[in-house]
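As structure tokens, the structure follows; a few thoughts come after it.
Lettering of chains follows the sequences in order, A, B, ..., and the numbering in each one begins at 1.
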Amino acid sequence: MRMSQLFGQTLREAPADAEIPSHRLLVRAGFIRQLAAGIFTVMPLAHRSITKIENIMRDELNAIGGQEMTMPVVHPAEIWQETERWYQIGSEMGRFKDKNNRDMVLAMTHEEVVADITRTEVQSYRQLPRLIYHIQTKWRDDPRPRAGLIRVREFTMKDSYSLDMDWEGLDKQYRNHYQAYFNIFHRCDIPVTAVRSDVGMMGGKLAHEYMYLTAVGEDTLLLCDNCGYGANRQIARFRKNENPPEDLKPIKKVATPDTKTIESLAKLLNVPESRTAKAVFMIADIPEGTDTIERFVFAVIRGDMDVNETKLTNAIKAKAMRPATEEEIASVGAVPGYASPVGLKDVVVVIDDAIPQSPNLVAGANETGYHLMNVNYERDYTADIITDIASAQEGDACPDCGSDLRTIRGVEVGNIFKLGTRYTEAMGSYFLDRDGQEKPIIMGSYGIGSGRLIACVAEEHHDDLGLIWPITVAPYEIHLVALSGRGTSETLEEAEKLYAELQTAGYEILFDDRDESPGVKFNDADLLGMPIRLTVSDRARSQGGVEYKRRDKQEKDIIPSGDVVKRITEEINQMHAEIQAKVVSIPYDG
RNA sequence: CGGGGCGUAGCGCAGACCGGUAGCGCACCGCGUUUGGGACGCGGGGGUCGGCGGUUCAAGUCCGCCCGCCCCGACCA
């Protein structure tokens, strides 16, 4: 490709609203342009990189038996109504009506379409297992797109769907993906760690997220360096230290003026925060059939812990949750700062599973300025649900081995879900088994967003000057710079010759044939970040060849004119070998 | 959805407080000089100042409403 012909130009300055490096550099280098919040145009250079990423995904998916196909972006609402996600998902779903006033959905994901197509295509166990995938556009109207390509509303995703006759089959396909995904990320030269994750709107049994660890990430993970436990904070478990057992003491009301926080309460009464109970009030939207009802949720947790809203949402099977307003709190008889589960009405009480183990806690009296001492679960109040609703923190004990957990930020670049029969049962996607029984197909789903992935590659591989593409995903392998100064048509001729020669040899070259100064060309080469830079100039010619430089290294040297193709072949093989060395087998954590 | 910020040429910004013919740098077009780290001279093109309404002789500037974009939080796969 001649740079003089390339569509799109580089920018000396990044748009003021681009903050993180991948966003700034991808925009400056002319890889992406924004159309609206969370909606981007992929320019030719980025398109080439994304195509390479997609081909890596195809390669790995085909290797585990995947068959590529394409499913529609626009769906009739009926299939989403059949699985009830039409009702469960809120404003993130893109809905519109067609010309006949029929409800339509923009694809957020394709479980419904898969479950629909299998209704007609799979009748027998002989047609299982199968693995199908496609690379297709998704629309998720995220309330807050941000950070360039990291979090967008419209994006392209590789999503695969496994179809099995039994759970052993699903387990096998899940494990296949577990390793194939590591291979994909490693071949793109980004380090990832797989952690257990919330199943969220997908439903299902088991899920992992592949996290690229970076400060710009918006997910928080808890990792155990001792035993390897890793989980998204949304579902991370931890060992809760138990309060010492003691006999139940009589309840006692004490005056605690101006003591609205756990910290001040513990200090005033001279008890550890773990001897207090804290209340959190939420309003939850809970689906009931095709309707949604609002319920007041009163969550109780020990004072030394925080409520994890994902766990709480899952515990009550809510569609959405928000903090209750002061009026709503007052209307159920509670008093913010002095709230207590004792003596409430018309609320769903959810208590953390550490509470029943913790005798004689201090709780609010539902009266401003007063708390109750020695409040005990069962004797003084009851709960609708007892489960783990606590949020794991840095330093909490690992649920598996008891070592300290540490927290770190990450970007979710992929996920895998054991869905089971949630979609196939809802949609009547059954097959006839060997034993003559009709059974629902067992599904798994597995996704990787290609745009987010390229942003993570850019985030991982850049410096102050620009991008530094790994050879496997670079738009072009070679950036050929011609410094054709005054009176040196020989230099331009040699560059043209080299361009033709390397193309014939099968390499991908971005040829800077523009009439620009050396500074402009070198700066653009650094910004665009192709793995190899070749410079043809008077100087290099006088030294008998062309200058070679790797983008990720400082050293330069002169390759004799006759040896260029041979040397480039060696260097590119070397680069591929460096990345291949990172593609390793990862122990399965399931 | 809550809090904050910003919308003036493709990009980065001034002008607004104090109303009076819309500017600068980069980028772009032409001619010439220049060519190993974002060259220089001369000449040029490009803006309904986010939108609508109001105040005023006069609005980029003052007032109101709306829209868009960004950041923090909530939320999310």
Side-chain angles (χ1 to χ4, degrees), chain A residues 8-20 23-24 27-28 30 33-39 85 88-93 107-111 138-148 150-153 155 157 159 197-204 207-211 218-219 232 234 282-283 285 309-310 313 318-323 325 411-417 419 445-449 452 465-466 481-488 491-492 512 514-527 533 535-543 546-547 549 556:
Chain A
Q9 63 178 1
T10 58
L11 303 175
R12 290 205 184 180
E13 293 179 277
D17 53 27
E19 296 205 331
I20 69 168
H23 187 197
R24 296 177 64 81
V27 170
R28 277 193 58 210
R33 293 289 182 250
Q34 184 169 346
L35 177 63
I39 305 178
R85 281 160 123 187
Q88 292 163 359
I89 298 172
S91 58
E92 289 149 69
M93 179 181 282
M108 305 178 71
T109 172
H110 284 79
E111 283 79 13
K138 308 285 186 273
W139 172 261
R140 298 181 187 179
D141 199 352
D142 196 295
R144 190 153 106 75
R146 54 177 288 255
I150 298 285
R151 190 156 144 172
V152 295
R153 297 192 293 168
F155 58 99
M157 183 182 236
D159 38 329
S197 72
D198 181 39
V199 294
M201 75 168 184
M202 306 295 294
H208 285 86
E209 289 171 344
Y210 290 75
M211 308 297 306
E218 50 193 2
D219 284 294
N232 196 305
Q234 293 175 337
M282 307 295 291
I283 302 293
D285 291 339
E309 288 190 20
T310 302
T313 303
K319 171 176 159 184
M321 227 171 35
R322 62 169 171 82
T325 63
V411 174
E412 181 190 345
V413 287
N415 54 42
I416 57 179
F417 289 91
L419 296 176
S445 84
Y446 317 84
I448 297 178
R452 182 179 282 186
L465 299 174
V481 178
L483 298 186
S484 46
R486 96 200 111 181
T488 54
T491 291
L492 195 55
D512 194 347
R514 298 174 301 169
D515 183 20
E516 290 287 355
S517 71
V520 170
K521 292 190 174 189
F522 286 137
N523 277 293
D524 275 348
D526 289 337
L527 176 60
R533 188 182 79 191
T535 307
V536 181
S537 66
D538 288 359
R539 184 198 286 180
R541 285 197 306 127
S542 71
Q543 296 171 53
V546 302
E547 182 188 272
K549 182 180 178 301
K556 307 172 202 168

D142(A) or E547(A), whichever maps to the more 5' nucleotide of RNA chain B: E547(A)

Footprint string (nucleotides 5-15 of chain B, 5' to 3'): B base within contact, S backbone only, - free, heavy atoms under 4.0 Å: ------SSS--

Interatomic distance, I283(A) CD1 vs rC1(B) P [rounded to whole Å]: 18 Å

Under 4.0 angstrom between R153(A) side-chain N/O and rC76(B) OP1 or OP2: no

Sugar-phosphate, base or nothing in reach of A482(A), heavy atoms under 4.0 Å: nothing

rU56(B) - base-pair partner by Watson-Crick or wobble geometry, distances under 3.5 Å: none

Atom-to-atom span, CZ of F155(A) to P of rC76(B) - whole angstrom: 15 Å

Distance, C1' atom - from rU21(B) to rG38(B), rounded to whole angstrom: 36 Å

Salt bridge flag under 4.0 Å for residues D524(A) and K521(A): no

Pairwise P distance for rC57(B) and rC42(B), with rounding to whole Å: 45 Å

D141(A): partners by side chain to side chain donor-acceptor pair (under 3.5 Å), with sequence neighbours left out: R153(A)

rA39(B) OP1/OP2 closer than 4.0 Å to side-chain N/O of S517(A): yes

Atom-pair distance (CD on Q34(A); P on rG68(B)), nearest Å: 13 Å

Sugar-phosphate only, base, or nothing, as touched by R146(A) at under 4.0 Å among non-hydrogen atoms: sugar-phosphate

Nearest-angstrom distance from the residue atom CE of M157(A) to C1' of rC76(B): 12 Å

Residues D142(A) and R140(A) bridged, charged N to O under 4.0 Å: no

Non-hydrogen side-chain atoms of D512(A) and R514(A) separated by less than 4.5 Å: yes

Gap in Å between the two C1' atoms, one belonging to rC76(B) and one to rC62(B), rounded: 42 Å

Between rA27(B) (C1') and N523(A) (CG): distance, integer Å: 15 Å

Between P of rA27(B) and CZ of R514(A), the distance in whole Å: 12 Å

Pairing nucleotide - rC76(B), Watson-Crick or G-U, each distance under 3.5 Å: none

Distance-only donor-acceptor test (3.5 Å): side chain D538(A), base rG36(B): no

Distance, C1' atom - from rA22(B) to rG41(B), rounded to whole angstrom: 27 Å

Nearest to side-chain heavy atoms of K556(A), which nucleotide of rG37(B), rC71(B), rA77(B): rG37(B)

Integer-rounded Å distance: rC69(B) P and R33(A) CZ: 18 Å

Mate of rC24(B) where both pairing distances stay under 3.5 Å, Watson-Crick or G-U: rG12(B)

Check: V520(A) and R12(A) side chains under 4.5 Å, non-hydrogen atoms: yes

Side-chain N,O (R144(A)) to OP1/OP2 (rC72(B)) below 4.0 Å: yes

Flag side-chain contact, heavy atom, 4.5 Å: V27(A) against P15(A): yes

Heavy-atom check, side chain of T535(A) versus side chain of F522(A), under 4.5 Å: yes

Non-hydrogen side-chain atoms of I150(A) and R146(A) separated by less than 4.5 Å: no

C1'-based separation of rU8(B) from rU48(B) [nearest Å]: 12 Å

Selection from rG36(B), rG38(B), rA77(B) that lies nearest to any side-chain heavy atom of F522(A): rG36(B)

rG12(B) to rC72(B) separation - C1' atoms, rounded to the nearest Å: 25 Å

Residue matched to rG46(B) through Watson-Crick or wobble contacts both under 3.5 angstrom: none

All side chain to side chain donor-acceptor pair (under 3.5 Å) counterparts of Y446(A), not counting sequence neighbours: S162(A)

Sugar-phosphate, base or nothing in reach of E218(A), heavy atoms under 4.0 Å: nothing

Pairing partner (Watson-Crick or G-U wobble, both distances under 3.5 angstrom) of rG7(B): rC67(B)

Side chain R533(A) and base rG37(B) donor-acceptor under 3.5 Å: yes

5′-ward residue of the pair D526(A)/D141(A) relative to RNA chain B: D526(A)

Length of the line joining I150(A):CD1 and rC76(B):C1', which is rounded to integer Å: 15 Å

Any-strand Watson-Crick or G-U partner of rG32(B), both distances under 3.5 Å: rC40(B)

Nucleotide forming a Watson-Crick or wobble pair with rU61(B), both distances under 3.5 Å: none

Same-atom distance (P) from rG51(B) to rC71(B), integer angstrom: 24 Å

Beyond-backbone contact of R533(A) with K556(A), side-chain heavy atoms, under 4.5 angstrom: yes

Atom P, compared across rG54(B) and rG60(B): separation rounded to whole Å: 15 Å

